Protein chains: 2
Amino acid sequence: MRPSAKPSVAKSPTTKRRRRASAPKPYHHGDLRRVLIDAALQLVGEGGAEAVSVREAARRAGVSPGAPFRHFPSRDALIQAVAEEAQRRFRAEIEAALAAAPASDPLGRFRCLGLAYLRWAMRNPTHFEIISSRRLFDHDQAAAISSDNAELIALTEQTLAQAFAAGQLRSADLKQVQIAGRALVYGFARMNIDGHFPRWGVAGAEAERTAEAVLDLFIEGIAKRS
Amino acid sequence: MRPSAKPSVAKSPTTKRRRRASAPKPYHHGDLRRVLIDAALQLVGEGGAEAVSVREAARRAGVSPGAPFRHFPSRDALIQAVAEEAQRRFRAEIEAALAAAPASDPLGRFRCLGLAYLRWAMRNPTHFEIISSRRLFDHDQAAAISSDNAELIALTEQTLAQAFAAGQLRSADLKQVQIAGRALVYGFARMNIDGHFPRWGVAGAEAERTAEAVLDLFIEGIAKRS
DNA sequence: TCGTGAATGTAAGCGCTGATTACACGATTG
DNA sequence: CAATCGTGTAATCAGCGCTTACATTCACGA
């Protein structure tokens, strides 16, 4: 079969030079994997994880529908790769914010951590969603995501422990405080994603101000009173 | 077309009586809409909203793939009907719990409200998910869900206002407290759904105990200190 | 320099899905 | 009894994930 020899434009001699000089489509893409992840990241940003289809990613990469399966065994694997990329960025942002916070005030560092979390989640809602809800792919197979996440939790616990050591906390049950704090920021971020704040535009300034106020309310609640 | 006249089994006279006496499948289902919603509710319970397909619901109802579209114009409409049913049950549970709480202790009522919320969400995770994340269908068209939700929020605000009037609250910014409280319970419920508590089985006793502890931590944080 | 095999693309097709359309059947009603 | 409306079926469409067979190109060793 294959009656129309469309792709092999240059069937003449000097094939290689011709291809380099004029052909718009080299047979091999170069870095299709990377391009597919970028396309899928864009799709996630546009319509959430459910809007990601292998075919659409292939389409945007200018490649046939079956090509992605050379790089990802399944759609889930593509989603997972996207999630790993998003998680990498999320963690980098959190750590950058924490690095800029003074070590002298552990509770203030905790606040910085929460703020960075909230801000990233609200500015990248679909990316946050993809690294959050585990129904979208198999988190057990995504070791990078799990370890990144565990590291962030450990960071939180350390910060809380330092705050307690400095006498800044009311409760001694750090585990409880940590879970409550996570639930608060996670809940706020997801309420934003899930459309529970219809008045605010996504990542609007008002939403971020409210996020900050809610975080402060919580921190005052766990802090030792002056 | 239609060369094979398979379906018209009883082309003989006395068709009606024959059907009533022996036919296992009356042509008309009776209450297909209700059966479809139940089937879809079951599908949601088994694999989440994404696991719901119109065909599968039709299959379980013992009906052809196109039949559901007589009752629901689209898959989203079916999902929406399921969500309305779930929301109805959710609200009923919350209100029952609140009705059983004494009016003399508004902050205690607030706690009951939060507990009922958390318990229902953790015992019906997929149903909670379907009424929570607005990406699954168009909430603007589901007036029943929006109004139910608004009523629950109003109930929360009333309870908080009563608690403040009784001098039980530290902060006067009730709006902030209400949003923070919602974020906390919502976040906890969603973390459970989204698999952030891998050790606990869904709706395990430990999870519910932790939920209660976290709620109490929050309430202590907003309460006036003794 | 030239084969040759591995890597990576295409083409075709399977079964599934949501959705639409034309038609068949049954019950209600005048 | 006949008309009609509500509700089922059958057939069909396009899009999806995924697989298989084949085409093309690259990289490496004789």
Side-chain angles (χ1 to χ4, degrees), chain A residues 1-11 14-20 23-36 40 43 47 49-80 136-137, chain B residues 1-20 23-36 40 43 47 49-80 136-137:
Chain A
M1 286 300 169
R2 302 191 67 263
S4 67
K6 178 207 72 182
S8 59
V9 176
K11 201 59 184 175
T14 70
T15 301
K16 289 174 184 177
R17 283 171 200 163
R18 177 75 73 84
R19 191 184 59 69
R20 290 213 173 241
K25 279 188 182 179
Y27 190 91
H28 287 299
H29 187 283
D31 194 1
L32 183 55
R33 184 186 161 89
R34 181 71 241 163
V35 173
L36 286 171
L43 285 170
E50 293 174 17
V52 176
S53 82
V54 178
R55 284 178 122 90
E56 181 60 27
R59 218 170 281 131
R60 296 195 178 193
V63 103
S64 77
F69 291 93
R70 293 286 178 194
H71 300 273
F72 303 98
S74 70
R75 174 182 180 273
D76 277 9
L78 172 59
I79 301 272
Q80 178 175 324
L136 298 176
F137 62 96
Chain B
M1 286 300 172
R2 300 192 70 263
S4 67
K6 182 204 72 181
S8 61
V9 175
K11 204 58 183 176
S12 62
T14 72
T15 301
K16 289 176 184 175
R17 282 172 200 164
R18 178 74 74 82
R19 192 186 60 70
R20 291 220 171 236
K25 278 187 184 180
Y27 190 92
H28 287 300
H29 188 284
D31 194 2
L32 183 55
R33 183 186 161 90
R34 181 73 240 162
V35 173
L36 286 170
L43 284 170
E50 294 175 17
V52 176
S53 83
V54 177
R55 284 181 120 89
E56 181 60 26
R59 218 171 281 134
R60 297 195 178 194
V63 103
S64 77
F69 290 92
R70 291 285 178 194
H71 300 272
F72 305 98
S74 68
R75 174 182 179 272
D76 278 9
L78 173 58
I79 301 272
Q80 177 176 324
L136 298 176
F137 62 95

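Just so it is clear, the model here is predicted, and its values are computed rather than measured. Naming: A, B, ... by sequence-line order, numbering from 1 per chain.
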_Let me spell it out: for each of B/Pro68 and A/Pro65, pick the nucleotide of DNA chain D with the closest heavy atom. Which residue's pick is nearer the 5' end?_
B/Pro68

What nitrogen or oxygen pairs link the protein and nucleotides 16-18 of chain C at under 3.5 Å?
unit_1, atom_1, unit_2, atom_2, d
C/dT17, OP2, B/Arg59, NH2, 2.9
C/dG18, OP1, B/Val54, N, 2.7
C/dG18, OP2, B/Val54, N, 3.2
C/dG18, OP2, B/Arg55, N, 3.1
C/dG18, N7, B/Arg55, NH1, 2.8
C/dG18, O6, B/Arg55, NH1, 3.4

*pair B/His71-B/Leu78: side-chain heavy atoms closer than 4.5 Å*: no

*asked:* Under the rule for side-chain hydrogen bond (donor to acceptor under 3.5 Å, both in side chains), what residues qualify as partners of A/Arg59, not counting sequence neighbours?
replied: A/Glu56

*With sequence neighbours excluded, residues passing ring pair (Phe, Tyr, Trp, His ring centres under 6.0 Å) with A/Phe72*: none

Rounded to whole Å, how long is the line connecting atom [atom1] of [X] with atom [atom2] of [N]?
X        : N      : atom1 : atom2 : value
A/Phe137 : D/dG17 : CZ    : P     : 17 Å
A/Phe72  : C/dA7  : CZ    : C1'   : 16 Å
A/Arg34  : C/dT8  : CZ    : P     : 16 Å
B/Leu32  : C/dG26 : CG    : P     : 17 Å

With sequence neighbours left out, what residues match [X] under side chain to side chain contact (heavy atoms under 4.5 Å, CB included)?
X       : result
A/Ser64 : A/Ala67
A/Asp76 : A/Ser74
B/Phe69 : B/Val54

